[in-house]
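I have placed the structure first, in the form of structure tokens, so that the comments after it can refer back to it.
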Amino acid sequence: GIQVEQSPPDLILQEGANSTLRCNFSDSVNNLQWFHQNPWGQLINLFYIPSGTKQNGRLSATTVATERYSLLYISSSQTTDSGVYFCAVLNTGGFKTIFGAGTRLFVKA
Amino acid sequence: DAGITQSPRHKVTETGTPVTLRCHQTENHRYMYWYRQDPGHGLRLIHYSYGVKDTDKGEVSDGYSVSRSKTEDFLLTLESATSSQTSVYFCAIRTEGGTGELFFGEGSRLTVL
């Protein structure tokens with residue numbers, strides 16, 4: 001089946017710093033999503049981005065489907081950005097959404 | 001809010017007992033999913049459904065069964081719970097049409113003693 005790899009696995013930032021999270025996938029996909037799991041365990045939808053670039057406030061994402069990767073940019077990080085960021089893909093012709101192992105982010109005040 | 005409710009939200013049970021987790025949705029989505037989340041493993045797909053009485057296995061289906069007799073409800077059953085099934089269980093729906101986005105419920109924390 002399709003493999004999803006995220007990097008880095010852990011990231012510590014000083015408040016105000018910028019960061020880039022990466023998601024690589026092993027096969028063509030129908031869609032790709034980024035989620036944020038907050039410290040209370042809630043999974044929050046950030047982006048649906050099978051290709052192209054989207055921005056939402058301080059966050060933006062880019063997916064290059066032909067090269068099988070996606071990037072999540074966090075600018076001017078805040079302590080509330082802490083948590084785990086997951087990339088998830090739906091493979092072409094399939095019903096299953098597969099998740100990467102996540103990037104754990106801690107933003108220090 | 002995608003109208004997804006999971007119950008119970010917390011449960012402690014003993015090894016060998018049956019457990020059923022319920023996922024209820026209010027928006028008639030066709031696709032529903034059960035995932036488990038464990039430290040170091042991210043979210044892993046247990047079973048999914050693509051319609052009433054239409055279900056299929058995911059990556060980690062051993063020891064679990066599911067049923068979907070109504071569009072709005074997707075049940076996950078552990079016939080005989082084991083300590084390895086201690087986990088947080090998430091239900092999700094996938095929207096159809098142009099986006100096919102996955103939305104999650106709040107999660108159910110299960111502890112098997």
Side-chain angles (χ1 to χ4, degrees), chain A residues 1-10 21-26 28-52 54 56 61 63 65 70 83-105, chain B residues 1-6 9-10 23 27 29-52 54-61 66 68 74 87-111:
Chain A
I2 192 167
Q3 304 297 313
V4 182
E5 295 183 355
Q6 293 187 240
S7 60
D10 297 283
L21 282 58
R22 187 177 180 101
C23 172
N24 292 332
F25 44 96
S26 61
S28 59
V29 298
N30 268 345
N31 71 37
L32 185 147
Q33 290 182 252
W34 284 96
F35 294 87
H36 174 218
Q37 188 169 38
N38 64 23
W40 296 270
Q42 292 177 301
L43 285 155
I44 299 163
N45 290 38
L46 295 178
F47 293 102
Y48 166 83
I49 186 165
S51 63
K54 290 186 178 180
N56 184 3
T63 297
S70 182
V84 184
Y85 290 81
F86 289 104
C87 168
V89 301
L90 177 67
N91 60 319
T92 302
F95 297 121
K96 306 175 186 180
T97 297
I98 303 300
F99 281 74
T103 292
R104 184 174 298 276
L105 173 65
Chain B
D1 182 0
I4 305 166
T5 305
Q6 292 186 227
R9 294 289 314 281
H10 302 272
C23 179
E27 299 182 2
H29 295 294
R30 181 180 171 193
Y31 300 99
M32 298 184 75
Y33 300 80
W34 277 108
Y35 288 85
R36 61 177 288 175
Q37 186 176 28
D38 306 290
H41 289 280
L43 287 115
R44 293 181 292 174
L45 181 63
I46 306 171
H47 280 280
Y48 65 99
S49 171
Y50 46 96
V52 172
D54 292 323
T55 65
D56 205 349
K57 297 178 180 180
E59 309 166 77
V60 290
S61 59
V66 290
R68 191 159 178 211
F74 191 32
S87 188
V88 180
Y89 292 86
F90 285 96
C91 173
I93 61 93
R94 183 161 66 84
T95 62
E96 295 173 76
T99 61
E101 280 189 75
L102 209 64
F103 290 90
F104 282 91
E106 298 288 302
S108 296
R109 182 175 295 276
L110 175 66
T111 301

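Chain naming here is simple, since letters A, B, ... match the order of the sequence lines and numbering starts at 1 in each. Values reported hereafter were calculated over all heavy atoms of this structure, with side chains retained and with hydrogens, waters and symmetry mates removed.
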Tell me, for A:Gln37 versus chain B, whether the close heavy atoms (under 4.5 Å) come from the side chain, the backbone, both or neither.
side chain
Side-chain heavy atoms of A:Cys87 within contact of A:Leu32, under 4.5 Å
yes
Against chain B, work out which of A:Thr97, A:Asn30, A:Val84 has the most heavy-atom pairs shorter than 4.5 Å and name it.
A:Thr97
Taking side chain as C-beta onward, heavy atoms only, is B:Tyr89 less than 4.5 Å from B:Trp34?
yes
With A:Phe99 as partner, the option from B:Phe104, B:Phe90, B:Tyr33 fulfilling ring-ring contact (aromatic ring centres under 6.0 Å, His included) is B:Phe104
To check you understand the geometry: which heavy-atom pair defines the closest contact between A:Ala65 and A:Pro50, and what is its length?
CB-O, 3.8 Å
Side chain, backbone, both or neither: which part of B:Arg109 has an atom under 4.5 Å from a heavy atom of chain A?
neither
Okay, B:Leu45 and chain A: the region with an atom under 4.5 Å from a heavy atom over there is side chain
